[in-house]
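First the proteins, then the strands, lettered A, B, ... as listed; each starts at 1.
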Amino acid sequence: MLKDKIKAAFDEPACPTNRAKAAGERAKGCSKPLTPGAAAGGCAYDGAKISLQPITDAAHLVHGPLACEGNSWDNRGSGSSGSDIWRRSFTTDLTELDIVTGTGEKKLYKAIREISTRFKPAAVFVYSTCVTALIGDDIDAVCKHASAKYGLPVIPVHSPGFAGSKNLGNKLAGNALLDHVIGTHQPDDVSPTDVVILGEFNLAGEFWMVKPLLDKLGIRVRTCVPGDARYLDVAAAHTANVTMVVCSTALIGLARRMEERWGIPYFEGSFYGITDTSESLRRLARLLVERGAPADLVERTEALIAAEEARAWARLEPYRARLAGKRVLLNTGGVKSWSIVAALMELGMEFVGTSVKKSTVEDKMRVQILLREEAHAFEGMAPRDLYAQLKGGDADIMLSGGRTQFIALKARVPWLDINQERIHPYAGYDGTVELVRQIDISISNPVWDEVRAPAPWDTEGRLTDRHVSHFTMDDDADAADPTFAARHRRKFANSRVDNTDPEYLAHHRKKFAGHAADDIGDD
Amino acid sequence: MLKDKIKAAFDEPACPTNRAKAAGERAKGCSKPLTPGAAAGGCAYDGAKISLQPITDAAHLVHGPLACEGNSWDNRGSGSSGSDIWRRSFTTDLTELDIVTGTGEKKLYKAIREISTRFKPAAVFVYSTCVTALIGDDIDAVCKHASAKYGLPVIPVHSPGFAGSKNLGNKLAGNALLDHVIGTHQPDDVSPTDVVILGEFNLAGEFWMVKPLLDKLGIRVRTCVPGDARYLDVAAAHTANVTMVVCSTALIGLARRMEERWGIPYFEGSFYGITDTSESLRRLARLLVERGAPADLVERTEALIAAEEARAWARLEPYRARLAGKRVLLNTGGVKSWSIVAALMELGMEFVGTSVKKSTVEDKMRVQILLREEAHAFEGMAPRDLYAQLKGGDADIMLSGGRTQFIALKARVPWLDINQERIHPYAGYDGTVELVRQIDISISNPVWDEVRAPAPWDTEGRLTDRHVSHFTMDDDADAADPTFAARHRRKFANSRVDNTDPEYLAHHRKKFAGHAADDIGDD
Amino acid sequence: MTDALSKVTHTQKAATVNPLKSSQPLGAALAFLGVANAMPLFHGTQGCTSFALVLIGRHYKEVIPIQTTAMDEVAAILGGADHLEEAILNLKKRTNPALIGVCTTALVETRGEDFAGELKLIHERRGNELAGTEIVLAQTPDFAGSIEEGWSKATTAIIEGVVPKGETRVSPERINILPGSHLTVADLEAIRDTVEAFGLEPTILPDISGSLDGKVAERWIPTSNGGVAVEDIRTMGGAVHTIAIGEQMRRPAEALKARTKVPYTLFDTLTGLAATDRFVALLAEISGRPVPARVRRARAQLEDAMLDGHFHFGGKRVAIAAEPDLLYAMARFFAGLGAEVSCAVSASGASPILEAVPAADVVVGDLDDFETRAEGCDLLVTHSHGRQASERLGIPLMHIGFPIFDRLGAQHRHTALYEGTRDLVFEVANIVQAHHVPRTPAELDPFRDHGDTHVGRPQTAAH
Amino acid sequence: MTDALSKVTHTQKAATVNPLKSSQPLGAALAFLGVANAMPLFHGTQGCTSFALVLIGRHYKEVIPIQTTAMDEVAAILGGADHLEEAILNLKKRTNPALIGVCTTALVETRGEDFAGELKLIHERRGNELAGTEIVLAQTPDFAGSIEEGWSKATTAIIEGVVPKGETRVSPERINILPGSHLTVADLEAIRDTVEAFGLEPTILPDISGSLDGKVAERWIPTSNGGVAVEDIRTMGGAVHTIAIGEQMRRPAEALKARTKVPYTLFDTLTGLAATDRFVALLAEISGRPVPARVRRARAQLEDAMLDGHFHFGGKRVAIAAEPDLLYAMARFFAGLGAEVSCAVSASGASPILEAVPAADVVVGDLDDFETRAEGCDLLVTHSHGRQASERLGIPLMHIGFPIFDRLGAQHRHTALYEGTRDLVFEVANIVQAHHVPRTPAELDPFRDHGDTHVGRPQTAAH
């Protein structure tokens, strides 16, 4: 019985990523088997939650024991221009008693009531987890029931962690939107220039650097999922004319199925980097014109692109000399890889490696075209290997997420957060300048030289020779003329170097009783 | 020449406090000679600055070397409802060169220009100091000149520190107001219920607890000097009908001379304590009626007093049981003494001493009537003696200013700031409740018991006998039944007492080689 | 300070809103990380491990070694013994840890296997391969307890797995310290210094001050880098005495006593003047030495800090949310300086120490219960997740406990003994002073509100 | 970090607005308070003493022993020799100090008397009565210098007054430490610990860590309670080496060297990894011992703190106002972690160290110069008087230097060596994090301001 329930949870249509995969690879399926004792990374629940939680006016309720939500909430920097309900954490926090007595479903039902009464969310998303999947709680039934009873949408998301990886979780979230949300609201202001952005998280508010560009062109973002999204707008996503998919692995399956169901064409684009931002604007404009938008949209878009690109390049110019030739290790997956690689290569930076762990085959190909050497693209790296590469001095900076942050820092290599915890916005033209500026700030920080300089002693604390020569006797000319004016002379800057005469010290130390006085520096 | 200049600076009318002094005392004059090596307290400059600085829209410029202003600014908690110019510090910060080359006057003149241009104050008060008095800078001339040139009042205040005490400085400040400020502005809204409050500093904004009472009675405070005062209002003080002097030693001379010059009657009153607050309201009302205000003012005042007193007493009632019999040492001078003594005695508190250092003879008599034993009133106490008295346990709390704060704390005696640095407002009915509340908070803080308990060892760190008995073996019944339920029993609160068996320890210690193991507790 | 027992209530809600607690296996992992060259192993799915690892990393700003048995859907149904064995063998081969600390999670505990039996079988089959690596088991499902319980269980598991039964020759200078999970790296360093100042040799279990103190090594270390050595744990039976700190450590102290007869003293807190006096006096008694001048000087400094600082506590209302032992320690600290603990929320309800918290009520609940009850307080005291309540209520937040991810150096803050208490006094006083805003005429107007709440807050006796 | 000399400019204003500096005699008094059983004596009016005493008390939260010659109008004109003599005799009689430190003030210096001659006469006349009390003279008029100069002069005066001339038998384990006025009580404690960890015996002059560390005594002590003993000062000529910290200590180090031939090493700062490395290496060299594990561990912790903390410095603009040595130390600290010191204001202009401050310009000025130049910065760094600028500009304030009267425990903050630098990194990172406000759509709008200052602050390379 348990087994059936869990199997049912996996009864999802074929993983959409497969579409982009080479025929030979398709057979492998989505989830690679993990090695016990040598695995790392999130689970399907993690992926599902990430994909939906920034829908800001909804409550996100996790049905399971504490750890799933309790150890992971409030850790992402998506910006909201409205409600803060999404930042709160909701979980049924199942106890042993709940599990033993099988009262999980009842508790879930009650929890939905409490939340809808107290916080008045636009909707409630309910996430299943390993334990509630294992014990067979029927969250579909509870959600349906609660929705009817409390008069708000309650959406089940089937996301037990053991189902697979974070990537699979993204897809499960997309399924939930398709099955329960999109198409359930018909807005009264549909226009021919409505678009949907999928897979944009508005981290550090960065989509707010892009949206005004679209506004200026008269392109209306019906909804950006999930960043700064409101539930009703997501529910109306089916009325848009074009879908742009930003984070390809996250929600491309959803885009494909929206095309199937409502005939909305989609494309994969990126707002990272100048060229990709421009290209995305272009494609949006062209597709909209194809779908009935005024033809001058294409020209206006080109004019905007020309102006904004010129301005951005002018602002980037001062960095070129500072950053050309710097070697970057990009350790993040998905669409960011090729966008960021392209952007930074345009400034003359080099890539010593790029993770393509979450990338589609198409992504990988783009990266390989950019990098020209396949060796640079890796599927993922064990911490130990990553540390070795960084410690070896291969890279001037690593761009990655928080998970590998401390590996870079412990190797004393500059690191920049380009994932969910970061506080700087990197999208659009302004965001590209900000990214380059942050890279420059990081690389040029004098802290690296200071922490890389070895201590003037060995691992046992014995002074190394290198050190001893640092000390010289305090300047007697100085001592002879201690007046202010004399000390104020220009060579002062040198005389401040710490100065001690090793011979003098040695002389005194020889008088030490019972001390191995002459061993200094080599004992 | 120098000598003449300094003598001139002291050519002030007879100290007005003398009026209140007994005939025999009058001969002594204002400043008692200080004992080198055994003196404490501020100087005339300090007193003058304190008396005027809370005039909020004026710049207060100190003409002298750094210490006078640099070591003392931004240390008082007067509230301003308007400008913050008064909080800024201005000084000519004379250098050795300025003094040697005699360019002090020029620098002062230039400083006034800079300040008037940049900060646009309503006026500039210029304070002379020891050094500028000694070198004979003619600040009168500079102020006159600058005033004419820059078109704003520039008021010289003759306050070299060596002239005498803080009290003298208060009077010098009063002289400056009388000679240069009051009477220089004629307002167009003079009314028969205009009053002037002198010597109220609006510390912690406490006058804002009183002013609404006066507002409600239709009594208009033309100006409260110096707390939250604006320059033009001070300049119009001569148009008021009554002067109330709050801090008697500070500005009573000014009040007397305002009576002489403009016929404004004055009285000494206080807004500390319920009875005194009521009495002050009463006298204001009566004097105003005598000077032409509507006769019903007296009745309305009585009605307000009745209502407010009833309310205040009701709010004080819960404290009576907590505070009755508590012994207070009041170590501050002036009008506060008798007002606060009276207020707290009404709650059943006792006074073990009251400083009458800054009090007039009249003040002292009031205190003595209240206390009934002359021994309780002291002129001032050396830190060593104060410490001895507090350490001896004579008082449950000391009320004083920051200067003696640490004497009380080092003696481990509760202390409440009732001087300029305090952050709690104590004026009026509400302020009296606040004062009592703060006294209660202070006295009832469990910190006193904790810091008074001696360490369980002597001054050499050897355990005292008192201690050893504290430890008992961990309860074996407890150990035998280590289940949660057993541990949860009611006697848990006791079993948490630290428990170690000294015999067990002694047993083990006997095995120590080379340790005087049995000496524990008495070696 | 009240000696009456406080009322402990559990909120009766179906939805936990803004959790206060972290999971039990996370607490167990932290304890295992306090053993040198150790590797915690979560028996569950990859996600459980990932969340714990990332959260601990955000707090300590470190690479955190925790591994997973990587349970998948098949194993979840059919049983995870193979995954457990494979994980252990993999870890042994790749990292050769001195100790593998198995922490079970909700998933495997829901299925309910015989983990101890499985481990025994693994040992029987693979004893040779696993030589030199202790394997201990802490059963720590997420559906019960919080960090404290996990920490306590893991410490107990280490003792029961590593310390041999029976009495042994006592080294009179050796002393065991069993610190609760609420003590920081700096606290452990200070405890060690103080114990050593009496000529005693402490064995601290767990000792995260060695492993989670934030330092840069010169090579990659796949296991915990520092901590108490397994060989030292093995000889804890030879100590003259055990000092347990926090009610959570009664269980391991009892376990150690049961195995080795080493008696123990339990300190409910080491924060505060009186508590530290008792601790120091015990060390003086055990060692037979006088209290060193340095310790006495620290005491005098604390006294002074309490005197200078008490102004900023008296009359203040404080809201605290934490795990039981930390809640108790902080509530005692605040109450002892005259503040009123008007809101006390505990992350878990199992500890008897809750009854001793000096507050009228102790609520076992979440940060939403906290936020609701903290309105009108002067200070919030909880971990980083309290930031939302702080923003919404406009009340300053003092960061304590775990996780602290939006501040640096949490592990280097002193919170125990004389110095730690002194630093806490300063921290609170400085938060209060930093947030002092002078009152306006409107706030002080006596006619503003002619009720009892006259000047913004109640002025009648609140005692 | 720039190695070019910075441009030092003096503001040309007649009015000092919001003084940054405190007076020179106050600095001298602080130094004298670092001698055990000492009594600073201000030669001036009562008011000078009162202001200094109250201000020092507000910073250290202590009863501060400083006395006054209580000059009045007559003495101001006729000369103060009688007052000086009477004060000294009174102090001797009432408090029997080991040392009386006479600090002249502007008043008596303006009159210009022969103070040294007067003191000599007093000693000739009253030698018997004054036996057992050293009397030293620091000429510290308020119209020149600031705390640093006063501190430096007083230390020099102590050396010249107490340390006998001539070489003496050298004790190879003795070392002199001459700390600048910018080091805290905690810094001095840490320096002592570090020196002692090498088996060396430090004599610290002045040593306020003994006297101004905040502690409660059991009796009334009218003089400084703690500090370096006069007898220890007397034998400083027997040290193997002198370490002076801060350019301000060159004068006393030279004086000591001139009298006793003890060579010295001057450290311009002890804040920062590299500076501490040099200090520790010098101790290793002097002692011939290896660097203890504990010190090496502190180094590793600092490295980690720098790595974790540098994110909060890079690209930030910082405004610092302080006395020269502290300004230099803090500017080096911030610049070393990637911040730009875009405003540096010095309380006094006499120190050559100002040219080495890593900032384009160093302004010798006041807090109004600071406030004007700090606009647009991310962080203000100065003493408590900077609070007004902080309020008006809406920029957070990090408290350093003297006076700090609106925070507790300033003297217990570590600012030097590995641990102090680590704590400073944490403090800055935490202020930055506490004041982080997520950006709004309006702030991020690319069309908000189509100039170069696109997103609130310049985004083009500012380097």
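Of the atoms belonging to C:Glu427, not a single heavy atom falls under 4.5 Å from chain D. The part of C:Leu307 that comes within reach of chain D is its side chain, from C-beta onward, which places non-hydrogen atoms under 4.5 angstrom from that chain. Both the backbone and the side chain of D:Ala434 come within less than 4.5 Å of a heavy atom of chain C. At a 4.5 Å heavy-atom cutoff, D:Arg299 makes no contact with chain C through either its backbone or its side chain. C:Arg413 does not touch chain D: none of its heavy atoms, backbone or side chain, sits under 4.5 Å away. Only the side chain of D:Glu62 comes within less than 4.5 Å of a heavy atom in chain C; its backbone stays farther off.
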Taking it one step at a time, do D:His182 and D:Phe402 satisfy ring pair (Phe, Tyr, Trp, His ring centres under 6.0 Å)? CA-CA 8 Å; D:His182 56 305; D:Phe402 179 97; over 10 Å; no
Steps toward side-chain hydrogen bond (donor to acceptor under 3.5 Å, both in side chains) verdict (C:Asp378, C:His435): CA-CA 9 Å; C:Asp378 298 292; C:His435 289 84; over 6 Å; no
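Between chain C and the residues D:His399, D:His312, D:Glu419, D:Arg294, the most heavy-atom pairs under 4.5 angstrom are made by D:Arg294. Per-residue heavy-atom pair counts under 4.5 Å with chain D were compared for C:His436, C:Gln301, C:Arg387, C:Glu303, and the maximum is reached by C:Gln301. Looking only at heavy-atom pairs under 4.5 Å with chain D, the residue among C:Gly309, C:Ala300, C:Ala305 that has the most is C:Ala300. Your options are C:Ala429, C:Gly409, C:Ala217, C:Gly214, and the one with the most heavy-atom pairs under 4.5 Å with chain D is C:Gly214.
Of the N and O atoms on the side chains of D:Tyr418 and D:Asp277, at least one donor lies less than 3.5 Å from an acceptor on the other residue. Side chain to side chain, C:Thr223 and C:Asn37 meet the donor-acceptor criterion of an N or O pair below 3.5 Å.
The pair D:Asp304-D:Arg422 does not count as a salt bridge, with every side-chain nitrogen at least 4.0 angstrom from each carboxylate oxygen. Salt bridge status for C:Arg192 with C:Asp187: absent, with no side-chain N to carboxylate O gap under 4.0 Å. Taking 4.0 Å as the cut-off between side-chain N and carboxylate O, C:Glu189 and D:Arg297 count as a salt-bridged pair.
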